[in-house]
Undergrad: 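Starting off with a structure, shown below.
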Amino acid sequence: MKTFTTATIFGLAGLSLARQCQNISVPVTISSVNAEFNVKTPVTDIEVTDFVLNYTQLGKNFPASVKTGTKTINGTYKLAVTLCNPDDGQSDTVQLLSHGGGFDRTYWDIPFNSYNYSYVAVAVDQFHYSTLTWDRLGFGQSQHGDALNEIQFQLETEALNALTTLLRQGKISNTSKPFAKVVHIGHSFGSALTYAFTQQHPTASNGIALTGFSTNGSFASLLAYGSNFIQANTLPHLKHYPNGYIAVSDASALHIGFLAPNQFDPAILTYAIQNLNTPITIGEMLTFGSAVSQANSFAGPTLVITGERDLPFCGGNCFVSPSAEFATIPDAVKAALPQSRNFTAVVVPDAGHGLNLEFGHGFTYRTVNEYLLENVGV
Ligand SMILES: *[C@@H]1O[C@H](CO)[C@@H](O)[C@H](O)[C@H]1NC(C)=O
Ligand SMILES: *[C@@H]1O[C@H](CO)[C@@H](O)[C@H](O)[C@H]1NC(C)=O
Ligand SMILES: *[C@@H]1O[C@H](CO)[C@@H](O)[C@H](O)[C@H]1NC(C)=O
Ligand SMILES: *[C@@H]1O[C@H](CO)[C@@H](O)[C@H](O)[C@H]1NC(C)=O
Ligand SMILES: *[C@@H]1O[C@H](CO)[C@@H](O)[C@H](O)[C@H]1NC(C)=O
Ligand SMILES: *[C@@H]1O[C@H](CO)[C@@H](O)[C@H](O)[C@H]1NC(C)=O
Ligand SMILES: *[C@@H]1O[C@H](CO)[C@@H](O)[C@H](O)[C@H]1NC(C)=O
């Protein structure tokens, strides 16, 4: 079986279109104002569950109630990235893709079923973009760190900013050239990161696509409960993570948080829990909420695309109108991005939160890439 079936599927008039990818370890020197919390890092699974029960309690802003101050941290961190170019060389525009919680950069290039679910294959082979996927700082093959005090939302935002700068300078690898344009695509927590990055650096992105996202924080606790989180290092393939890294416990928990009824091949659920399941940190859980609630003056094009049945961002139904002004929950993201050019919100009918794992991924990939092509170019 060929490695890249898309080359055949999308091959035009005998041209061979196969993406050229390289894995690169990129050091970034960054500084971040992190939060300090009066919280003990959970050690046992009982403490992990207690942390979730504390975190989600109605009527309490738990992160604010345990925050004691801030601490500036800085360092040089190793990030694991994959840069892919079309066969005929680097494009002018690179898509910088940030995965969500529970996954690493493989989310964008899933090997399952001969890469048929690969977002990267569509973006590179069909739309001719270069792509850079990265394991978020703290996860996968990127450097890990302290789960409470270090791997927090702001440090990850600084890492995304550093990668963006390196792409514009052509310094990601000794073979890459400067990219004229960088667009940012996220999924879930990666969309929140993309949002915060453009909020802090409104001119640093040429366009954004926020997948599996809304600005409605009312449903985050559903994911926290449904994930049935356990200490990540109790799972064989995650045993090298320190305490405070917590992971979705099993296939049913992954299904609840990420997949909608009748929208997926049962074999990809098994594949995902065995091969893709990556932890989150309690530090990022405690820090991402406040960052996403800030108004954003980003003026570039913005696409929000979220599954109708998305649990953490729509409570299982994006079509419930949040106010007279907005028809859907993703539509209401416009209120946070009032200056965005051609703001567009799309609800994928019947789809769940983990769009790339479902049958409808092709629609999502085309919608994102057509939007970027029309509004930013390639
Ligand atoms: C990059 O690393 C991943 C994970 O280790 C591996 O599966 C993949 O084959 C590597 N890709 C390249 C182009 O070396
Ligand atoms: C949860 O809150 C209770 C009551 O405030 C506290 O005693 C306990 O240590 C907290 N547990 C964790 C893991 O944060
Ligand atoms: C890093 O932190 C140390 C101690 O807080 C400080 O002295 C140093 O100037 C910082 N370096 C950078 C590059 O911010
Ligand atoms: C996956 O398979 C479907 C059905 O054969 C096809 O339409 C689609 O283009 C394939 N996608 C990729 C990325 O290979
Ligand atoms: C680029 O770096 C790699 C790995 O460090 C090295 O093997 C290769 O020779 C370098 N290529 C050039 C053109 O400098
Ligand atoms: C979230 O969405 C629900 C349902 O549309 C709505 O009732 C609620 O006011 C929204 N909350 C926020 C914070 O936007
Ligand atoms: C907005 O983006 C869509 C692509 O999704 C494009 O068809 C349309 O022309 C754009 N509208 C404006 C006003 O730029």
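Whatever order the structure lists ligands and atoms in, that order sets their numbers, starting from 1. Nothing fancy with the numbering, it's 1 onward along the sequence.
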Undergrad: Is Asp109 salt-bridged to Arg19, cutoff N-O under 4.0 Å?
TA: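 A salt bridge is present here (some side-chain N lies under 4.0 Å from a carboxylate O).
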Undergrad: Would you please name every residue forming a side chain to side chain donor-acceptor pair (under 3.5 Å) with Asn262, sequence neighbours left out?
TA: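 Checked Asn262 against side chain to side chain donor-acceptor pair (under 3.5 Å); zero matches.
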Undergrad: Salt bridge check: are Arg136 and Glu284 linked by an N-O gap of less than 4.0 Å?
TA: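 So Arg136 pairs with Glu284 through a salt bridge.
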Undergrad: Please could you name the atoms of ligand 1 that Gln141 approaches to less than 4.0 Å, counting only its heavy atoms?
TA: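 Close to Gln141: 4 (C), 5 (O).
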Undergrad: If you measure every N or O of Thr344 against every N or O of ligand 7, does any of those distances drop under 3.5 Å?
TA: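 In this structure, Thr344 places no N or O atom under 3.5 Å from an N or O of ligand 7.
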Undergrad: When the aromatic ring centroids of His361 and Tyr119 are compared, is their separation below 6.0 Å?
TA: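 No: the rings miss the under 6.0 Å criterion.
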Undergrad: Of all the heavy-atom pairs spanning Asp350 and Arg309, show the shortest one and how long it is.
TA: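 Shortest heavy-atom contact: O-CG, 3.6 Å.
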Undergrad: Would you say Glu150 and Tyr77 are linked by a side-chain donor-acceptor pair, where the criterion is simply a distance under 3.5 Å?
TA: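 Checked: Tyr77/Glu150 side chains pair up, N/O donor to acceptor below 3.5 Å.
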Undergrad: If we ignore angles and hydrogens, is there a donor and acceptor under 3.5 Å between the side chains of His184 and Ser205?
TA: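 Yes, Ser205 and His184 have a side-chain donor paired with an acceptor closer than 3.5 Å.
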Undergrad: By number and element, which atoms of ligand 1 are closer than 4.0 Å to a non-hydrogen atom of Cys21?
TA: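 By the 4.0 Å cutoff, the relevant atoms are 13 (C).
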Undergrad: Could you pull out every protein residue that has a heavy atom closer than 4.0 Å to ligand 6, ordered by chain and then number?
TA: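 Ligand 6 is contacted, at a heavy-atom distance under 4.0 Å, by Asn216, Ser218, Phe219, Val320, Ser321, Pro322, Ile329.
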Undergrad: Answer yes or no: does an N/O atom from Asn23 fall short of 3.5 Å to an N/O atom of ligand 1?
TA: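 Asn23 vs ligand 1: N/O contact under 3.5 Å present.
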Undergrad: So which bit of Asn375 gets within less than 4.0 Å of ligand 7, heavy atoms only: side chain, backbone, both or neither?
TA: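 The answer is the side chain of Asn375.
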Undergrad: Angle between ring planes, Phe288 versus Phe189, binned at 30° and 60°: parallel, tilted or perpendicular?
TA: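 It falls in the tilted class, 30° to 60°.
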